[in-house]
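One-based numbering along the sequence shown.
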Amino acid sequence: MYQRKNKWLKAVLGVASAFILLGSAPISVHAVSDNDISASFIDDDDRYDASVELSNYKESLIRRESPEQYIIDELNSIMYSGQYYIANSEKMTEVEMWTYVGTIKSQMDAAIGKAGEVTTTTEFLTLADNWQTPTVSYGQKVNIVLPLVNMGEEWLTDLLIEPEVTNDVATWPFVPDSTGYTQNFAEIPGCASRKYEEAFMNRREVTYTFTAREDVLTGYYPLKFKVWYSKEGIRCTEPAEVSVFVYCQGKPGSGRIGMSEESNVSQPRIIVTGFETDPGTVYAGDTFTLNIHVKNTSQDTAVNNVLFDLEAVEGGTENSNGTTTNSYAAFLPTSGSSAIYVERMPAGSSQDLKIEMQAKADLSQKPYVVTVKMKYDTDLKADLTDEAKVSIPVKQESKYDSSTPEINPSDIMVGEQSNVMFQIYNTGKTTLYNVQVKFEADSVEGGDTFIGNLAPGATGNVDAMVTGIAQTMDDGTVKAVILYEDEAGNQTREEKDITIYVNEMFMDEGMTDMPMMPIEEEKSGPSMATVIIIIAAVIVVAAAAAVGILKFRKKKKAAKQLAEDLLDLDKDE
């Protein structure tokens with residue numbers, strides 16, 4: 001111990017500028033030369049001496065001043081901080097160490113000086129854990145109960161409680177009132193055991209009744225209350241602060257607490273849920289009624305002064321190279337105005353928009369877009385906009401023409417054929433797909449002709465052979481059925497009447513009386529075709545002979561009759 005004191009004296013005498021007074025303000029420490037005897041670094045013995053010095057100084061302050069527990073806690077914190085710093089300093093000289101010890105002592109002196117002034121009791125004044133968050137809707141009243149608990153040993157007296165009230169709905173959800181905010185009571189007993197159970201039994205409850213604002217936002221609001229008090233006759237310079245929460249339910253569309261200013265009130269969305277046209281299929285040049293279904297998807301915000309403006313995409317005449325000329329709106333409203341006004345759409349409601357329009361006559365067959373532009377207001381915002389689109393298919397009516405059929409021959413026997421020829425012209429603006437021609441009648445068959453696809457302006461040729469199968473029993477009408485399909489595969493049937501007479505084959509009576517010559521079968525001889533030809537020739541010759549014989553007999557009979565008539569005349573003379 002004697003050696004440690006000598007080292008301390010040498011250090012103080014060696015550096016006069018480092019002289020300090022215990023309890024004075026912090027003094028800066030000057031670096032010394034490595035050659036100076038006082039510049040040796042501290043060892044563990046020096047650290048021990050400094051730690052004991054700080055501990056003893058703290059105990060002396062406590063015995064002298066008898067501070068409250070929160071002051072004692074602050075003294076301990078200052079002391080431990082100084083001891084920790086010295087214990088972990090490797091290159092600190094003795095002069096620097098004792099200078100630092102003096103600084104720590106000065107901090108403890110400042111802390112003990114707070115014993116005569118109460119600043120805050122936030123450390124020990126709190127709310128009981130039986131607090132439950134109340135709920136209130138806009139325009140309704142709610143009771144806010146503050147169960148104040150004193151966890152300190154000292155009694156608190158002359159308490160005043162007041163809420164932090166503002167006019168900002170984002171921070172204070174209740175109707176501002178100039179009176180009735182401040183409440184007071186006499187005391188809250190201290191908690192000698194420092195246990196919560198005792199403090200809870202000693203609690204004091206303060207009740208406030210507030211009315212929620214009509215424009216309150218939905219969500220949890222933090223409510224702050226200031227508590228003024230006295231402790232052992234000393235008035236606090238700063239109030240304690242306690243906070244509670246209340247849940248508020250705002251009006252539909254009021255927005256939620258905690259959102260940014262731009263998104264605080266959610267913007268409703270108006271969407272198109274569907275549409276239909278009357279008639280269901282729109283052809284170019286037709287007038288039709290467009291019925292669009294819209295819905296306000298917001299569940300809590302109504303929209304007002306809704307203006308719907310329907311804009312049809314521009315169409316025109318398409319050139320062969322695919323470009324469009326003579327651009328104009330594909331659909332035009334028959335009333336002259338494309339705007340529809342709706343005064344109000346409640347949250348979650350739907351609305352039907354009806355407008356009569358006409359499709360331009362020269363539109364190509366394809367879907368055309370109609371843009372639904374919307375402009376509307378809410379209770380809190382104005383001039384909100386949105387838009388949606390619908391696509392209306394437009395069809396071009398299929399058109400064709402045909403030439404006068406050429407029928408050769410138009411009068412045939414059963415088993416004979418007739419050639420039917422005519423042309424089919426696509427006079428419309430849409431392609432005719434899978435064009436084919438069939439012939440229907442009881443007297444003919446065959447002649448089915450497949451032409452294929454006919455583009456606008458193209459011509460298809462029909463060159464068919466129909467065969468007579470039965471004698472015509474009517475006026476000879478044969479239906480030439482023209483079939484074609486559209487882009488969707490829907491088939492169209494058109495009929496064209498032609499006239500073909502079919503006669504039954506003539507058979508001479510004499511031919512039926514001719515005996516059939518037996519044909520002997522030989523292993524070698526003329527072929528069957530040759531035999532048939534010979535038989536046919538024989539039949540023809542026989543028929544001619546029969547006809548000749550008949551003519552001869554008729555002539556002979558007529559001559560005989562003439563002779564007899566002449567003989568009778570002679571006798572009469």
What's the separation between atom [atom1] in [X] and atom [atom2] in [Y], rounded to the nearest 0.5 Å?
X      : Y      : atom1 : atom2 : answer
Asn453 : Glu485 : CG    : CD    : 9.0 Å
Ile469 : Glu445 : CD1   : CD    : 4.5 Å
Gln423 : Tyr425 : CD    : OH    : 4.5 Å
Met465 : Glu416 : CE    : CD    : 10.5 Å
Glu241 : Lys226 : CD    : NZ    : 7.5 Å
Lys251 : Glu214 : NZ    : CD    : 4.5 Å

Would you give me the side-chain donor-acceptor pairs under 3.5 Å for residues 329-345, sequence neighbours excluded?
unit_1 : atom_1 : unit_2 : atom_2 : d
Thr334 : OG1    : Glu356 : O      : 3.3
Thr334 : OG1    : Glu356 : OE1    : 2.8
Ser335 : OG     : Ser337 : O      : 3.4
Ser337 : OG     : Ala339 : N      : 3.3
Ser338 : OG     : Asp309 : OD1    : 2.8
Ser338 : OG     : Leu310 : O      : 3.4
Tyr341 : OH     : Asn305 : OD1    : 2.9
Arg344 : NH1    : Asn304 : OD1    : 2.4

Next on the checklist: Using side-chain contact (heavy atoms from CB on, under 4.5 Å), reason through Ser398 and Leu432 one step at a time and then give a plain yes or no.
Outcome noted: CA-CA 7 Å; Ser398 300; Leu432 304 180; 3.8 Å; yes
Given side chains that start at C-beta, do those of [X] and [Y] come closer than 4.5 Å, heavy atoms only?
X      : Y      : value
Val206 : Tyr208 : yes
Val444 : Thr467 : no
Ser410 : Tyr501 : no
Val462 : Ile424 : yes
Val246 : Ile144 : yes
Leu353 : Val294 : yes
Leu146 : Ile161 : yes
Leu127 : Val244 : yes

Next on the checklist: Show, in sequence, the C-alpha distance, side-chain angles and deciding distance for Asn296 and Ser298, and conclude whether the side-chain hydrogen bond (donor to acceptor under 3.5 Å, both in side chains) test is met.
Outcome noted: CA-CA 6 Å; Asn296 178 8; Ser298 175; 4.8 Å; no
Indicate the atoms forming the closest heavy-atom contact of [X] with [Y], along with that distance.
X      : Y      : answer
Gln471 : Val414 : N-CG2, 3.9 Å
Val145 : Pro147 : O-CD, 3.3 Å
Thr430 : Gln396 : CG2-O, 3.7 Å
Ser391 : Phe275 : O-CZ, 3.1 Å
Asp442 : Ala470 : O-CB, 3.8 Å
Val502 : Ser443 : CG2-O, 3.8 Å

Item to check | Sequence neighbours excluded - salt bridge (charged side-chain N to carboxylate O under 4.0 Å, His left out) pairs with any residue from residues 398-412 | outcome: none
Checklist entry - Passes side-chain contact (heavy atoms from CB on, under 4.5 Å), Gln140 versus Gln249? Steps please. => result CA-CA 10 Å; Gln140 296 182 352; Gln249 179 62 55; over 6 Å; no
Next on the checklist: For a side-chain contact (heavy atoms from CB on, under 4.5 Å) check, start with the C-alpha distance between Val466 and Val478, then their side-chain angles and the critical distance, and finish with the verdict.
Outcome noted: CA-CA 10 Å; Val466 296; Val478 175; 6.0 Å; no
Checklist entry - Can you check salt bridge (Lys or Arg N to Asp or Glu O under 4.0 Å) on Glu397 and Lys395, steps first, answer last? => result CA-CA 6 Å; Glu397 188 174 359; Lys395 292 184 176 295; over 6 Å; no
Next on the checklist: With side-chain contact (heavy atoms from CB on, under 4.5 Å) as the criterion, how do Ile270 and Val306 come out once you've worked through the C-alpha distance, each side chain's angles and the decisive distance to 0.1 Å?
Outcome noted: CA-CA 10 Å; Ile270 301 177; Val306 190; 4.1 Å; yes
Checklist entry - Within the side chain of Asp377, is there an N or O that forms a donor-acceptor pair under 3.5 Å with the backbone of Asp383? => result yes
Checklist entry - Any donor-acceptor pair under 3.5 Å linking the side chain of Asn426 with the backbone of Leu454? => result yes
Could you give the side-chain donor-acceptor pairs of residues 165-175 under 3.5 Å, partners two or more places apart or in another chain?
unit_1 : atom_1 : unit_2 : atom_2 : d
Thr166 : OG1    : Asp168 : N      : 3.4
Thr166 : OG1    : Thr171 : OG1    : 2.8
Asp168 : OD1    : Ala170 : N      : 3.1
Thr171 : OG1    : Asp168 : O      : 3.2

Item to check | side chain to side chain donor-acceptor pair (under 3.5 Å) involving Lys389 - partner list, sequence neighbours excluded | outcome: Thr371
Next on the checklist: Is it true that, when you exclude Lys295 itself, more than 12 heavy atoms of the residues, nucleotides or ligands shown sit nearer than 6.0 Å to its NZ?
Outcome noted: no
Item to check | Residues Lys496, Ser402; criterion side-chain hydrogen bond (donor to acceptor under 3.5 Å, both in side chains); working and verdict | outcome: CA-CA 9 Å; Lys496 185 179 184 69; Ser402 60; 2.9 Å; yes
Next on the checklist: Using the side-chain contact (heavy atoms from CB on, under 4.5 Å) definition, which of the options Val282, Asp278, Thr277 pairs with Leu290?
Outcome noted: Thr277
Item to check | Set of residues satisfying side-chain contact (heavy atoms from CB on, under 4.5 Å) with respect to Thr492, sequence neighbours excluded | outcome: Tyr484, Glu494
Checklist entry - Distance only, no hydrogens: is a donor on one side chain within 3.5 Å (strictly under) of an acceptor on the other, for Asn143 and Thr209? => result yes
Are [X] and [Y] close enough for a salt bridge, meaning some N to O gap below 4.0 Å?
X      : Y      : result
Lys373 : Glu387 : no
Asp215 : Arg213 : yes
Arg269 : Asp386 : yes

Next on the checklist: Is there a side-chain hydrogen bond (donor to acceptor under 3.5 Å, both in side chains) between His293 and Glu276? Walk through the geometry before answering.
Outcome noted: CA-CA 9 Å; His293 310 295; Glu276 63 264 350; 3.0 Å; yes
Checklist outcome for this item: Tyr247 meets the ring pair (Phe, Tyr, Trp, His ring centres under 6.0 Å) criterion, sequence neighbours left out, with Tyr220
